[in-house]
Protein chains: 2
Amino acid sequence: MRRLPTVSDVAEAARVSRQTVSNVLNTPEIVRPETRERVEVAIRRLGYRPHASARRLRTRVSATIGVRLDPGTDGMSGALLDRFLHSLVEQADAAGLRVLLYTAADEDAEIRTVERLLDGADVDAFVLTSTHYGDRRIPWLIEHDVRFVTFGRPWGEHDMTDRSHRWVDVDGNAGLREATTSLLARGLRRIAFLGWPEGSGTGDDRRAGWRAAMTEAGTAPEVLDELDLGVEEDPHDLGVGGSAVAELAPAGVVCASDSLALAARLALGPDVPVIGYDDTPVARALGFASVAQPLEGVAQAVLELLRSDEGPHHRLLAPALVER
Amino acid sequence: MRRLPTVSDVAEAARVSRQTVSNVLNTPEIVRPETRERVEVAIRRLGYRPHASARRLRTRVSATIGVRLDPGTDGMSGALLDRFLHSLVEQADAAGLRVLLYTAADEDAEIRTVERLLDGADVDAFVLTSTHYGDRRIPWLIEHDVRFVTFGRPWGEHDMTDRSHRWVDVDGNAGLREATTSLLARGLRRIAFLGWPEGSGTGDDRRAGWRAAMTEAGTAPEVLDELDLGVEEDPHDLGVGGSAVAELAPAGVVCASDSLALAARLALGPDVPVIGYDDTPVARALGFASVAQPLEGVAQAVLELLRSDEGPHHRLLAPALVER
DNA sequence: CGCTGGAGTTTGATCGATCAAATGCTCGCC
DNA sequence: GGCGAGCATTTGATCGATCAAACTCCAGCG
């Protein structure tokens, strides 16, 4: 394979110095227009492309984002991460950033991996998904002054407005409120909520959205409690959630996930409207409504927060109800 | 942030030269054991980690694999790629390789991206998924002497035994044969096939597996043709496949995908056994059997083919039927 | 006329590693 | 005793880019 052209080759061809070529690439505004033009022609003619590793060595910037690929996500929303990743890579690319994947069995292993990636100058910022209660990675990253953004708010623990922790999240509360409202608008009153047991941040947030909309519509507290179902999600058995919701004989159901919605749908049949969460292919296939996360928007927000130092350090995006 | 230790720092601490430290890391067998020991102690004490970019600049090897994240895969098997990616990253990490993602809108854009990644020494090998009939990327890669492996055989076009194209694939034919045989073993005879219209490599391969098993069991050709359904898959409407398969009133159905299996299942009810393909969460949730691709095995095979120059240049793996 | 300042460009050093060649050392053999 | 072979280690150059400082013009001004 032929030797690739370097800045020096371009410099020679354009009869300028290496540094001027470098300037044309990095700070074109300080180069006189006619010189710049000459260099740009030479770049195109030689098919020059900067050598990323050489640049990284010198600048100590890798322009690469590390993203962890979670092991566990074997649920129905595995495709969710997939779509998010796709948007992220697409937009990162447009911004001249690369996306490097890594995995780790547990948090400690992840911290070691992160250390390795940072020291090797492979990666200079991280995007974390599926943060959870008491996540040990967050304080470690903050303490080591590592740039990162999480997709998911910090539940509990430290202050949500802490500027050292940048995060982007989707407003599940608003999502369920909208879902519930849409059923209320159809004249339905007895709308059940099928979610997970209390204790998970996202789950409780979604539940609260349903409660708010129902309360606003004048539902009595004891009815609300009756209609509120929290079940452990079991990918191998939809029965639990299904039979529980069938017993209530609700006029409609809003759910914390599409797989719960699937359980409800199968138990209740197509005549009782069911609304899921995440708008997975299952929802599309079975034709029930679902709350869709704006993943492109999340990806965009993540990149913006990673790059800027000013402005807000967190972003809460509204999901959209996909009616069917 | 403190300055990271370099080879020179380690060399000084161990009272040897830079090169000896480098040798301990890369070719430990040529270093005298006691010297090696001293250097290793210094490495641990200083917490030294090689600077990946510096090494890449010098060696022109990036130890990074580029993987394209497809845009289209919005079907039910999007999670498939996800699981494959996870295995790949995990195993690549164990082998000291990194995985970099990229996207591209079309094949030409992908070729340009690949060029950029290669020239920037960001990536030195590629893994391509979802190869299709007449894929222009393959000849380009071969011609430019780029190391790559595809997950998916070359359908049609050039010789499947061509050593310049390394590939790994799953034997869908064997998978459907096994699925069909398992239903035959239960005493069922009228087993339908629900797949895509003829013309797709994977689809026809799976169909052929069903045909082989059925023919072996003594099914007459005209019955076979009657039981053979090819429908366009439409994620928004399962009706087409469902009503077609219901009309046949089969004793069992084997399908080319889980979403087709879902359509069959919904149309026929839980009493007619249905077998899907890909073992997605939907199959698990609804409790129908499915042919599972051995994705960890695929990832392992991909890495083996990428690394070795000897031995076979392609690998066909057998899937496993997951009964339920 | 000479001095200052700034825009535009060039020069030399550097990032952290590995390669290629040179050096020192020990051992065996004539 | 001298010499070549072979092992272990060191030295100097290099990969391709950017940084920091130096240099060259030329306009503006007292």
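The basis for the numbers below is simple: all heavy atoms, side chains too, and nothing from hydrogens, waters or symmetry mates. Naming: A, B, ... by sequence-line order, numbering from 1 per chain.
Across dT18(C), dG16(C), dA17(D), the shortest atom-to-atom separation from the side chain of H51(B) is found for dG16(C). Nearest nucleotide to the V7(A) side chain, out of dC15(C), dC19(D), dA17(D): dA17(D).
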(request) Mind running side-chain contact (heavy atoms from CB on, under 4.5 Å) on T103(B) and R68(B) for me, showing each step along the way? (result) CA-CA 5 Å; T103(B) 42; R68(B) 172 177 185 190; 5.7 Å; no

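Looking only at distances, a side-chain donor or acceptor of D169(A) sits under 3.5 Å from a matching main-chain atom of R153(A). The main-chain N or O of D82(A) is never found under 3.5 Å from a side-chain atom of H86(A) such that the two would form a donor-acceptor pair. When atom types are taken as modelled, the side chain of D124(B) and the backbone of S62(B) share a donor-acceptor pair closer than 3.5 angstrom. Looking only at distances, a side-chain donor or acceptor of T59(A) sits under 3.5 Å from a matching main-chain atom of R55(A).
Between the P atom of dG16(C) and the CG atom of L4(B) lies a distance of 8 Å, rounded to the nearest Å. The distance from atom CG of N26(B) to atom C1' of dG16(C) is 13 Å, rounded to the nearest whole Å. Distance R56(A) CZ to dC19(D) C1': 19 Å, rounded to the nearest Å. Between the CD atom of E12(B) and the P atom of dT11(D) there is a distance of 13 Å, given to the nearest Å. Residue I43(A) contributes atom CD1, which lies 10 Å from atom P of dA17(D) at whole-angstrom precision.
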Detail all sub-3.5 Å separations between protein N/O atoms and N/O atoms belonging to nucleotides 4-11 of chain C.
{"unit_1": "dT9(C)", "atom_1": "OP1", "unit_2": "R32(A)", "atom_2": "NH2", "d": "3.3"}
{"unit_1": "dT9(C)", "atom_1": "OP1", "unit_2": "T35(A)", "atom_2": "OG1", "d": "2.3"}
{"unit_1": "dT9(C)", "atom_1": "OP2", "unit_2": "R32(A)", "atom_2": "N", "d": "3.1"}
{"unit_1": "dT10(C)", "atom_1": "OP2", "unit_2": "S17(A)", "atom_2": "N", "d": "2.7"}
{"unit_1": "dT10(C)", "atom_1": "OP2", "unit_2": "S17(A)", "atom_2": "OG", "d": "3.0"}
{"unit_1": "dT10(C)", "atom_1": "OP2", "unit_2": "T20(A)", "atom_2": "OG1", "d": "2.8"}

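For the OP1/OP2 pair of dT18(D) and a distance below 4.0 Å, the side-chain nitrogens and oxygens of S22(A) include at least one atom meeting the criterion.
Salt bridge present: R116(B) and D93(A) bring a charged side-chain N and a carboxylate O closer than 4.0 Å.
No hydrogens or angles were tested; on distance alone, a donor-acceptor pair under 3.5 Å links the side chain of R58(B) to the base of dT14(D).
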